[in-house]
2 protein chains.
Amino acid sequence: MRVPCQACPLRAQPAFHDKPDDQVAFIQAMKTDHLTFAPGDAIIRQGSRSAQLFTLFSGWAFRFKEMSDGRRQILNFLLPGDLVGFQNRMFEESPWGVEALTPVEVCVFARSRIWDLYRGYPELAYDVTWLTAHEESLVDENLLTAGRRSAAERVAMLMMHLAKRVAVLRPAVAAGAPFDIPINQSHIADALGLSLAHTNKTLKALEKRGLFRFAAGRLEMVNPKALARLADYFDQPVGQRPLI
Amino acid sequence: MRVPCQACPLRAQPAFHDKPDDQVAFIQAMKTDHLTFAPGDAIIRQGSRSAQLFTLFSGWAFRFKEMSDGRRQILNFLLPGDLVGFQNRMFEESPWGVEALTPVEVCVFARSRIWDLYRGYPELAYDVTWLTAHEESLVDENLLTAGRRSAAERVAMLMMHLAKRVAVLRPAVAAGAPFDIPINQSHIADALGLSLAHTNKTLKALEKRGLFRFAAGRLEMVNPKALARLADYFDQPVGQRPLI
DNA sequence: CGATCGCTTGATCGCTATCAAATCGTGTGG
DNA sequence: CCACACGATTTGATAGCGATCAAGCGATCG
């Protein structure tokens, strides 16, 4: 627990709503742990009963479901500020897992105090709902992608989506700067419902068309306009979001 | 507005949590309208700014996204008791649409009073979050289906899923009774990310294998065990759910 | 240095899309 | 009652996208 929530560097970012002191103080009081994970670590194990509830403080992770024969689908990527774990009911087996992509820090909250939050801090309660609904909208979009887009469209969509999300936290990316993207081709395959081999070929083809450069853990959007057109990507204006 | 919420026949069903009188009274006070739609009607139009917020009171509907060239993905089916519309931010364009499958009645709530709900009724606020999270888990599962399951597995999954959901409201279905299912093959195709022609062939093949009968708007699960095995379907225990 | 991991590429397969047309049931208007 | 239109379903032929299988490469690592 390096820093008190009142001095949270993530909260200081313009991407997030300002919060009154009492709410931040309550968040601080509700926080029970500050955990660290290494890349590849399971933060939540699918099928486990760990009643985790946390905010991703730093690093990247992803939420996924796995079938009994090993087929895996990434549901969405998790970036700093994302709230995770409210979805599963207390004491029920988690229907999905969460895995770290980079070194990750998470702020763990006491589920036992959720009730205090709803009773004492309706604004925070609303934020929890908002974050849940917002995450659902990401999954909605991913479902459209997996269900109805071609392989090239899927890849274009993912690149646009991730660049957009990173740009919220790092403004230079909005202007087209290359950025670190800690995923490999099998993550892309699992996120898009494609095979690894075909993902590779699609990636190469789009790079050859000059749409982006994706190598060595970095992504540069070379022609975002063309990517947006290819993916039929619609820009939802991004306002500030709540941070819990 | 036929019946006061205190006498709501839906609420009387065992599938839903009992609620203290004051909460039901607040729900009643928040309810501004009781609307009716015909099959095929748009309840929410994708891209519209209607700040709808409602509970499906009777009938079936579905939530979907459409691409600019007409490709459509059904995100999930809506059954009585489902809360819809919290997802989109107030006054923003809805990123998805809702369409009625049968004659539908919805209980419309005043968005302007959401804040009173969060401030005055933390239990209801928690219920809103729970319902949102629960809907997300449905979309999660559908994403796994569209991304990683074969055509036959997808169809098996959908049948299991819908039978399960209907069984909660109509116990006889749990025992294997046939039931009305107001969707046609193009809905199935759009829900599963398949073409219409291939949906038809897959449907026929599974019927020939004796797994279910699907005709004339009715579904009978003939061999649910085999369907569950085929779909790699995992039974989440269904407890009571909140109704708002 | 062997082993492992991620990436790349080619050959082939097959699942699913696409295209086309026929059938059937239903409702409508003449 | 019949003719017709229309939507939903069904079926067949064909094409192609993406999966599968296989192999090789390069970098990193214990």
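Letters go in sequence order (proteins before strands), and every chain restarts at 1. As the structure is a computational prediction, the values presented were derived from the model and not from experiment.
To the nearest angstrom, C1' of dT20(D) lies 14 Å from CZ of Arg71(A). If you take CG of Leu206(B) and P of dT10(D), they are 13 Å apart, rounded to a whole angstrom. Between the NZ atom of Lys201(B) and the C1' atom of dT16(C) there is a distance of 9 Å, rounded to whole Å. In this structure, the NE2 atom of His198(B) is 13 Å from the C1' atom of dG18(D), given to the nearest Å.
Glu105(A) and His34(A) share a donor-acceptor pair across their side chains, judged by distance under 3.5 Å alone. Checking Asp190(A) against His187(A) by side-chain atom types alone, no donor-acceptor pair falls below 3.5 Å.
Between His198(B) atom NE2 and Gln185(B) atom CD the span is 12.5 Å, to the nearest 0.5 Å.
A salt bridge links Arg71(A) to Glu153(B): one of the charged nitrogens lies within less than 4.0 Å of a carboxylate oxygen. Using a 4.0 Å cut-off between charged nitrogen and carboxylate oxygen, Arg63(B) and Glu99(B) do not count as a salt-bridge pair. Note on Arg72(B) versus Glu66(B): no salt bridge recorded, every NZ/NE/NH1/NH2 to OD/OE distance being 4.0 Å or above.
Taken residue by residue, residues 141-155 of chain B places heavy atoms nearer than 4.0 Å to DNA chain C at Ser150(B), Ala151(B).
Within the nucleic acid shown, Gly40(B) has no heavy atom closer than 4.0 Å to any nucleic acid atom.
Here the side chains of Val84(B) and Val98(B) are in contact, with some heavy-atom distance below 4.5 Å. Trp60(B) places none of its side-chain heavy atoms less than 4.5 Å from the side chain of Val104(B).
One axis for each end of the helix from dC1(C)-dG30(D) to dG30(C)-dC1(D), each built from five base pairs, and the angle between them comes to 30° at 10° resolution.
Counting heavy-atom neighbours within 6.0 Å of Arg218(A) CZ, excluding the residue itself, gives a total above 12. Within a 6.0 Å radius of CZ in Arg45(B), other residues, nucleotides and ligands contribute 12 heavy atoms or fewer.
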Listing time: all N or O pairs from protein to nucleotides 6-8 of chain C that are below 3.5 Å?
| unit_1 | atom_1 | unit_2 | atom_2 | d |
| --- | --- | --- | --- | --- |
| dC7(C) | OP2 | Gln185(A) | N | 3.0 |
| dT8(C) | OP1 | Lys204(A) | NZ | 2.8 |
| dT8(C) | OP2 | Gln185(A) | NE2 | 2.4 |
| dT8(C) | OP2 | Asn200(A) | ND2 | 2.8 |
| dT8(C) | O5' | Asn200(A) | ND2 | 3.4 |

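Aromatic rings of Phe62(B) and Phe64(B) (six-membered ring for Trp) have centroids within the 6.0 Å cut-off, being under it.
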